[in-house]
Student: 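Quick one: the structure is below, questions incoming.
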Number of protein chains: 2
Amino acid sequence: MKKKVTIYDIARELNVTVSTVSRALNDSKSISKETKEQVRDMAKKMNYSPNKLAASLKSGKTFTIGVIVPSARVQFFASVIHSMEDHLKSAGYGILLYQTNESLESEKQGVKTLLEAQVDGIIASLSLETETDVSHFHEVIRQGKALVLFDRSFEGLTVPSVTLNDFKAGYMAAEHLLKKGFKEILYMAPVQNIGIFRRRKEGFIAALKDYCVPNPEEKIHYGTLSIEGGRTFIRDLNDLPQAIIAGDDFTALGMLRELQERKNEKVAVMGFANEVFSEFITPSLTTIEQQPYKMGQECARLFLNMSQKNNIYDNPEEVVLEPILVKRASTK
Amino acid sequence: MKKKVTIYDIARELNVTVSTVSRALNDSKSISKETKEQVRDMAKKMNYSPNKLAASLKSGKTFTIGVIVPSARVQFFASVIHSMEDHLKSAGYGILLYQTNESLESEKQGVKTLLEAQVDGIIASLSLETETDVSHFHEVIRQGKALVLFDRSFEGLTVPSVTLNDFKAGYMAAEHLLKKGFKEILYMAPVQNIGIFRRRKEGFIAALKDYCVPNPEEKIHYGTLSIEGGRTFIRDLNDLPQAIIAGDDFTALGMLRELQERKNEKVAVMGFANEVFSEFITPSLTTIEQQPYKMGQECARLFLNMSQKNNIYDNPEEVVLEPILVKRASTK
DNA sequence: TTGAAAGCGCTACCAC
DNA sequence: GTGGTAGCGCTTTCAA
């Protein structure tokens, strides 16, 4: 472990000043070609590696962006992170990852930690617990740093965001089943504090109204998002409907399994998210694709846009991606 | 966007020096209780947020650790990342993420970027292209920074690592099939430059020898890891064997689908990785569980261990996790 | 085109 | 128990 080489070492070696070295390394136009070459050669020769920390401290830019997600293990978020990293990396930004595990407290801590790390911005998807308390995100804005929300956003925050058209997603799901001729459709609603689930539910209701199904509100049952939640949902029903819209693909899977064990496969089931497995289970699952790759890409774009502007929160762009209906066997 | 509050502001307000403020904030024992309280109250009142960058520049510790993976979208790596972040966060460390997309060039760039960001260490899983050129990792070691390799490690690097007992994994897979009475077993081998695949293959061969199956080397066919790769593998066979060990679960899935379309399900198929979907496809897939959560946890532990030692590369600990055979319907 | 020097915000050593 | 101050490695303004 040798001592680190700094621009001072290069300067001394070349009998110039650090200013010159710094400028040469940064390709400043006020430095002669020869000097630049000399400096670069020496830097390479001495195995120089810049300390970005020092540069950041001085310049105020870290070229690091904090990403806050409920869990990096969930396929959807994993894909978004993957996409973000790819698109941000090419613009010179690194990603500092923080998982909230669906806890508001953890989310607050995450924002605090990331701000202390002096990230240039934060891209976040809210935890399930984040109902109305978004004060921690106001701090991000107050500091003049870029904030981009995705998927699970909060309407009270006028910041750039990338979301799915959840209303339409709910509407599409219902319409698909209605067009298939199913009349008795049950809708499984997850917690309602999150806008994404609320809007989706509203889309469902709207579709039923448009198709003249009476009392759509009565079709809504609450449930838990998980395979077991899907099983429980079925068990708790007195009569089986013709079709069920589950809160996500895992829940839909649980429902399908529970139904199969009862030798009763006559119920159409669909999910949300288009997980990797959904195509491969039996029956293959009809679901709504949420475009995680596109979402990550758009988040990166919005952030990079902001990093070029002065008044970053003027007219925040709200990208709304279109849900895509993926028809498969489970609603045949 | 107000000007940032620094310890100078707090010091001025309280008529003390920055040393006092710094020490009070860091809970130094040489500061009186009263002063600490005053400082903390004032810090809170002024909405002070420390600039970790400055602290890092001075102290040389960033409490940030670089994580290099082929892709954060792959379930296995997503789970490891999830686990690492959880375990490292509680020790005060943040994760700077870098994806190589299986490219050596990108991996080198990643190491460079992370080192420039002054990470305290790097936890990495090698790209498929990283055959023998690991010079970039030597640079990490040369700088005296902690390096931990996981899953896809490199035997030439004597650094702490967390891997699966791949030999045993291959052995277990073969043994499972042999015990089921299958004699004609085909083994699909992915690229061989990566130690993990080589050792696994050797385990397979050893098992066949132990069970007195002649010419085990002839049972090995090379193939590509993907659903399509699995389909192609089947198509390219002249005769179907009794059982096949695929390179991973996706490939196994491709094989199963190809076989199903031929109305020929008499071939037992198993995979590696225990993906989320493997339990839910039909037939459910026998596979080898690679314990990603445990792996992430152990990586975190090894890193934290190193961060406490002086000679961090003395007797590097090599954690080898046991593969777990998950028996399911596909090899019934 | 290059040099000198201030300073980003914090820590830690040396005084007192 | 507290103060003074020299840097950490870099950028950038002002001079020359």
Side-chain angles (χ1 to χ4, degrees), chain A residues 2-40 42-43 46-64 92 115-120 143-144, chain B residues 1-40 42-43 46-64 92 115-120 143-145:
Chain A
K2 295 179 200 162
K3 251 216 337 266
K4 293 217 66 176
V5 179
T6 72
I7 52 173
Y8 279 89
D9 302 316
I10 299 177
R12 196 181 316 113
E13 214 62 35
L14 254 35
N15 271 318
V16 292
T17 58
V18 286
S19 331
T20 306
V21 176
S22 172
R23 283 186 276 241
L25 256 16
N26 289 313
D27 205 19
S28 157
K29 64 195 73 171
S30 67
I31 295 285
S32 72
K33 277 216 155 49
E34 298 76 46
T35 314
K36 281 186 189 172
E37 240 168 64
Q38 282 189 339
V39 170
R40 285 184 192 146
M42 185 54 75
M46 299 180 76
N47 196 23
Y48 168 75
S49 167
N51 184 333
K52 297 279 189 190
L53 235 51
S56 296
L57 180 59
K58 183 70 191 167
S59 68
K61 277 207 76 175
T62 55
F63 282 97
T64 299
L115 285 179
E116 290 179 355
Q118 311 299 118
V119 294
D120 292 342
Q143 289 198 15
Chain B
M1 181 188 177
K2 293 179 200 161
K3 252 222 324 277
K4 294 216 67 177
V5 180
T6 72
I7 52 173
Y8 280 88
D9 302 318
I10 300 176
R12 196 183 314 113
E13 213 62 34
L14 254 33
N15 271 318
V16 292
T17 58
V18 284
S19 332
T20 306
V21 176
S22 172
R23 282 188 277 241
L25 256 16
N26 288 312
D27 205 20
S28 157
K29 63 195 72 170
S30 68
I31 296 283
S32 72
K33 276 213 154 52
E34 297 77 48
T35 314
K36 280 185 189 172
E37 239 169 63
Q38 281 189 341
V39 170
R40 284 182 193 148
M42 184 54 74
M46 299 178 77
N47 195 23
Y48 168 75
S49 168
N51 185 333
K52 298 279 189 188
L53 236 50
S56 297
L57 180 59
K58 181 69 192 167
S59 68
K61 279 207 74 173
T62 55
F63 283 96
T64 299
L115 286 179
E116 290 180 356
Q118 310 300 118
V119 294
D120 292 341
Q143 289 198 15
K145 304 215 160 173

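Throughout, protein chains are lettered first and strands after them, A, B, ... in sequence-line order, and every chain is numbered starting at 1. The figures here come from the full heavy-atom set of this structure, side chains too, leaving out hydrogens, waters and symmetry mates.
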Student: Please report, rounded to the nearest Å, how far the P atom of C/dC10 is from the CG atom of B/D9.
Tutor: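 For the pair B/D9 CG and C/dC10 P, the rounded distance is 9 Å.
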Student: Could you walk me through whether A/L115 and A/Q143 pass side-chain contact (heavy atoms from CB on, under 4.5 Å), step by step?
Tutor: CA-CA 9 Å; A/L115 285 179; A/Q143 289 198 15; 3.9 Å; yes
Student: Quickly work out the B/L57 CG to C/dT11 P distance and round it to whole Å.
Tutor: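 The answer, rounded to whole Å, is 11 Å.
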Student: Could a donor-acceptor pair under 3.5 angstrom be found where the side chain of B/T20 meets the base of D/dG3?
Tutor: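 There is none.
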Student: For B/N51 and A/Y8, take the nucleotide of DNA chain C holding the closest heavy atom to each; which residue's nucleotide lies nearer the 5' end?
Tutor: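 Counting from the 5' end, the first nearest nucleotide belongs to A/Y8.
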Student: Just the rounded figure in Å: distance from C1' of C/dG3 to CZ of A/R12.
Tutor: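 For the pair A/R12 CZ and C/dG3 C1', the rounded distance is 17 Å.
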Student: Can you tell me if B/T17 touches the phosphate of D/dG3, counting only side-chain N or O atoms and a distance under 4.0 Å to OP1 or OP2?
Tutor: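 Yes.
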Student: Between the base of D/dG7 and the side chain of B/K58, is there a donor-acceptor distance below 3.5 Å?
Tutor: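 Answer yes: a donor N or O sits under 3.5 Å from an acceptor.
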Student: Answer with base, sugar-phosphate or nothing: what part of the nucleic acid does A/S59 contact at a heavy-atom distance below 4.0 Å?
Tutor: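 Result for A/S59 = nothing.
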Student: Taking the side chain of A/R23 as heavy atoms from C-beta outward, which of D/dT11, C/dG3, C/dC10 is closest to it?
Tutor: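 Nearest listed nucleotide: C/dG3.
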Student: Scan B/S56 against the nucleic acid and name what it touches under 4.0 Å (heavy atoms): base, sugar-phosphate only, or nothing.
Tutor: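 Touches nothing.
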Student: Side-chain N or O of B/S22 versus OP1/OP2 of C/dC10: is the shortest distance under 4.0 Å?
Tutor: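 False: B/S22 side-chain N/O out of range (4.0 Å or more) of C/dC10 OP1/OP2.
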Student: Between B/S19 and B/S22, do the side chains contain an N or O donor and an N or O acceptor separated by less than 3.5 Å?
Tutor: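 There is no such pair (donor and acceptor under 3.5 Å, judged by atom type) between the side chains of B/S19 and B/S22.
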Student: Does OP1 or OP2 of C/dA4 have a side-chain N or O of A/S19 closer than 4.0 Å?
Tutor: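 For C/dA4, neither OP1 nor OP2 has a side-chain N or O of A/S19 closer than 4.0 Å.
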Student: Over how many whole Å does the gap from B/I10 atom CD1 to C/dT11 atom P extend?
Tutor: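 Rounding to the nearest Å, CD1 of B/I10 and P of C/dT11 are 11 Å apart.
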Student: In whole Å, what is the span from the CD atom of B/E37 to the P atom of D/dT2?
Tutor: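 These atoms are roughly 13 Å apart.
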Student: In Å and rounded to the nearest 0.5 Å, what is the CD to CD1 distance from B/Q38 to B/I31?
Tutor: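 That separation rounds to 11.0 Å.
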Student: Heavy atoms under 4.0 Å, any strand shown: does A/S30 hit a base, just sugar-phosphate, or nothing?
Tutor: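 Result for A/S30 = base.
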Student: Ignoring the backbone of A/I31, work out which of D/dC8, C/dC10, C/dT2 is nearest its side chain.
Tutor: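 Out of D/dC8, C/dC10, C/dT2, the nucleotide with an atom closest to A/I31's side chain is C/dT2.
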Student: Could you state the NZ-C1' distance from A/K29 to D/dT12, rounded to the nearest angstrom?
Tutor: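 From A/K29 NZ to D/dT12 C1': 15 Å.
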Student: Start with the C-alpha distance between B/N51 and A/L57, add both sets of side-chain angles, then the distance that settles side-chain contact (heavy atoms from CB on, under 4.5 Å), and finish with yes or no.
Tutor: CA-CA 9 Å; B/N51 185 333; A/L57 180 59; 4.0 Å; yes
Student: Applying side-chain contact (heavy atoms from CB on, under 4.5 Å), run through A/K36 and A/V39 and close with a yes or a no.
Tutor: CA-CA 5 Å; A/K36 281 186 189 172; A/V39 170; 5.9 Å; no
Student: Check the distance between C/dC10's C1' and B/Q118's CD and give it to me in whole angstrom.
Tutor: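 Checked: the CD to C1' distance equals 16 Å.
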Student: Looking across every strand, which nucleic acid part, if any, lies under 4.0 Å from B/V16 by heavy atom: base, sugar-phosphate, or nothing?
Tutor: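 The residue B/V16 makes sugar-phosphate contact but no base contact.
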Student: To the nearest Å, give me how far apart CZ (A/F63) and P (D/dC10) are.
Tutor: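 Nearest whole value for this atom pair: 16 Å.
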Student: Please test B/V21 against B/L14 for side-chain contact (heavy atoms from CB on, under 4.5 Å), starting from the C-alpha separation and ending with a verdict.
Tutor: CA-CA 9 Å; B/V21 176; B/L14 254 33; 5.5 Å; no
Student: Go through D/dC10, C/dT11, D/dG3 for me and flag the one nearest to the A/A54 side chain.
Tutor: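 The answer is D/dC10.
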